[in-house]
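Heavy atoms only: backbone and side chains are in, while hydrogens, waters and symmetry mates are out. Everything numeric here is computed off the predicted structure, so don't read it as measured data. Every chain is numbered from 1 and lettered A, B, ... according to where its sequence line falls, protein lines coming before strand lines.
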Number of protein chains: 2
Amino acid sequence: MVRKTREAALETRNALLDTAELVFSEKGVSATTLADIASAAGVTRGAIYWHFKNKADLFDAMCDRVRLPLEEITAASAEDEVADPLAALLGNLEYLYHKVTTDEHFYRVFDVLFNKCEFVDSLGPIVERDTRVREQFRLRIQRIFSNAVQRGLLPADTDVALVVNAYMAYSKGILRNWLLEPGAFDLHRDGTRMVAAFMESLRTSDAFRQLG
Amino acid sequence: MVRKTREAALETRNALLDTAELVFSEKGVSATTLADIASAAGVTRGAIYWHFKNKADLFDAMCDRVRLPLEEITAASAEDEVADPLAALLGNLEYLYHKVTTDEHFYRVFDVLFNKCEFVDSLGPIVERDTRVREQFRLRIQRIFSNAVQRGLLPADTDVALVVNAYMAYSKGILRNWLLEPGAFDLHRDGTRMVAAFMESLRTSDAFRQLG
DNA sequence: GCAATCATACATTCATGTATGTATAATCAA
DNA sequence: TTGATTATACATACATGAATGTATGATTGC
């Protein structure tokens, strides 16, 4: 019983990635063996080694299925020309929160990335790319808030660097805590409320002004 | 060359825990072998198996050196009798941020706990206890904010549950992001500013009021 | 016929746990 | 005080299992 059509091969590849999400989420990345994934997917390790180089490569491919559509979304949001950059940023985040709550792939992959794997060099070039992605993300957020200051949406003496770090910590912390306890609150509704309050406080609170 | 005095034995035990912090932080918990820790500490695995049952037990003891003094601090803050519970909470968090930036043990253990280990059952009863600690923590935060509402420090229609989740996500996200990039901002100064702005926004923002 | 898509079999490495050895400190008897 | 005894604090050696990577085999589409 050996599948041969290219369609069927892609099917098993996707099934392997689906299963990897599940097993990684349950047992953690480093604790799961390739035999675990293979048996859970109803195949043997031979199938895995045919489609992927090793566990790191499989992990990488699993992340790509989430990262690629996510990059399209954030890239699609025209950053400089938009009238209200803060509202656009909040809208993007709201979409992410919505995606994580409704798309099981997003949910599991983020769960694995945040709580079920160790960000050390053993994962190969994954950590490096994550660092680069984070730098890109930081620059993008920085531009958005600077843009908001220039447009008068935020006070002129806003401490943009502080705001950027606060936003990254808050938005990520909300997602991360929800993944740990999905029943604690409604990520889409309440997460958006939290960040909306944060956006509001940028205008009202003196704590975000530059230190004299 | 075999040490024998109880003093020397405690010395090697502490040295093992110190080394475990370093190696765990560098290679991740599951990727480090007991031989790694032993050789880095200048002993053999025999020393580890004498002082600890296995890697999970060693990990547990490493966490205890941080958890125990931390519990003393939070327990020492009288919760119900304090005049301004929000200020006391902020003070506690500021102390934690201060500790993490100045005490290398706190820094490394939190780094390991947040970014260098997988919270799965393979760590034994550690995950269960972490869940219990989180529940206790949630209850404590809940009491603090409810107390603040009753004392009129926060609006009467404050959505306490939402505030609790927001505080936990924010305060933890700040710490976690700083651990990933310690150079991004000053945790003690800026982290406190961020949470102070959050506390302020609880009074001013409508987003934290209960939904009609 | 060949090449793709797996399954199977095998060799290697490696971490763990335990068993044993050993030298010294602590304890105690005389 | 001293010598013998015992438990301590490790080091060393060994057995086991398990995961990996690869090599090879088998089957089928093209």
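Within the 4.0 angstrom heavy-atom criterion, only backbone atoms of the sugar-phosphate kind lie near T33(B); the bases stay farther away. Contact annotation for R6(B): backbone-only contact, meaning every heavy-atom pair under 4.0 Å involves sugar-phosphate atoms and none involves a base.
As a whole-Å value, the separation of N54(B) CG from dT18(C) C1' is 13 Å. Rounded to whole Å, atom P of dT5(C) lies 13 Å from atom CD of E11(A). Regarding Y49(B), its OH atom lies at a distance of 13 Å from the C1' atom of dA15(D), rounded to whole Å. Remark: P of dT5(C) and CG of N14(A) are 13 Å apart, rounded to the nearest angstrom. Between the CD1 atom of I48(B) and the P atom of dG17(C) there is a distance of 11 Å, rounded to whole Å. Taking atom CG on L34(B) and atom P on dC10(D), their separation rounds to 16 Å, with Å as the unit. What separates CG of D57(B) from C1' of dT18(C) is a distance of 16 Å, to the nearest Å. To the nearest angstrom, P of dT8(D) lies 16 Å from CZ of R13(B).
For W178(B) and Y107(B), the ring centers are positioned less than 6.0 Å apart. Taking the six-membered ring for Trp and the full ring otherwise, the centers of F119(A) and F114(A) sit at least 6.0 Å from each other.
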Stepwise, does the salt bridge (charged side-chain N to carboxylate O under 4.0 Å, His left out) test hold for R193(A) with D186(A)? CA-CA 10 Å; R193(A) 285 171 70 194; D186(A) 184 297; over 6 Å; no
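Between R65(A) and D18(A) there is a salt bridge, with a side-chain nitrogen of the basic residue lying less than 4.0 Å from a carboxylate oxygen of the acidic one.
Residue R45(A) places its side chain closer to dT20(D) than to any other of dA9(D), dT20(D), dA11(D). Closest approach to the T12(B) side chain among dC6(C), dC10(D), dG17(C) is made by dC10(D) (side chain taken as heavy atoms from C-beta onward). In this structure, the nucleotide among dT16(C), dC6(C), dA11(D) sitting nearest to the side chain of K55(B) is dT16(C). Listed nucleotides: dC6(C), dT8(D), dG17(C). Nearest to the side chain of W50(A): dC6(C). Of the candidates dT16(C), dG29(D), dA9(D), the closest approach to any side-chain atom of T5(A) belongs to dG29(D).
Between K53(B) and G42(A), the residue anchored nearer the 5' end of DNA chain C, judged by the nucleotide with its closest heavy atom, is G42(A).
Listed pair H51(B) / dC10(D) meets the phosphate criterion, a side-chain N or O lying under 4.0 Å from OP1 or OP2.
A donor-acceptor pair under 3.5 Å links the side-chain atoms of K55(B) to the main chain of T32(B), judged by distance alone.
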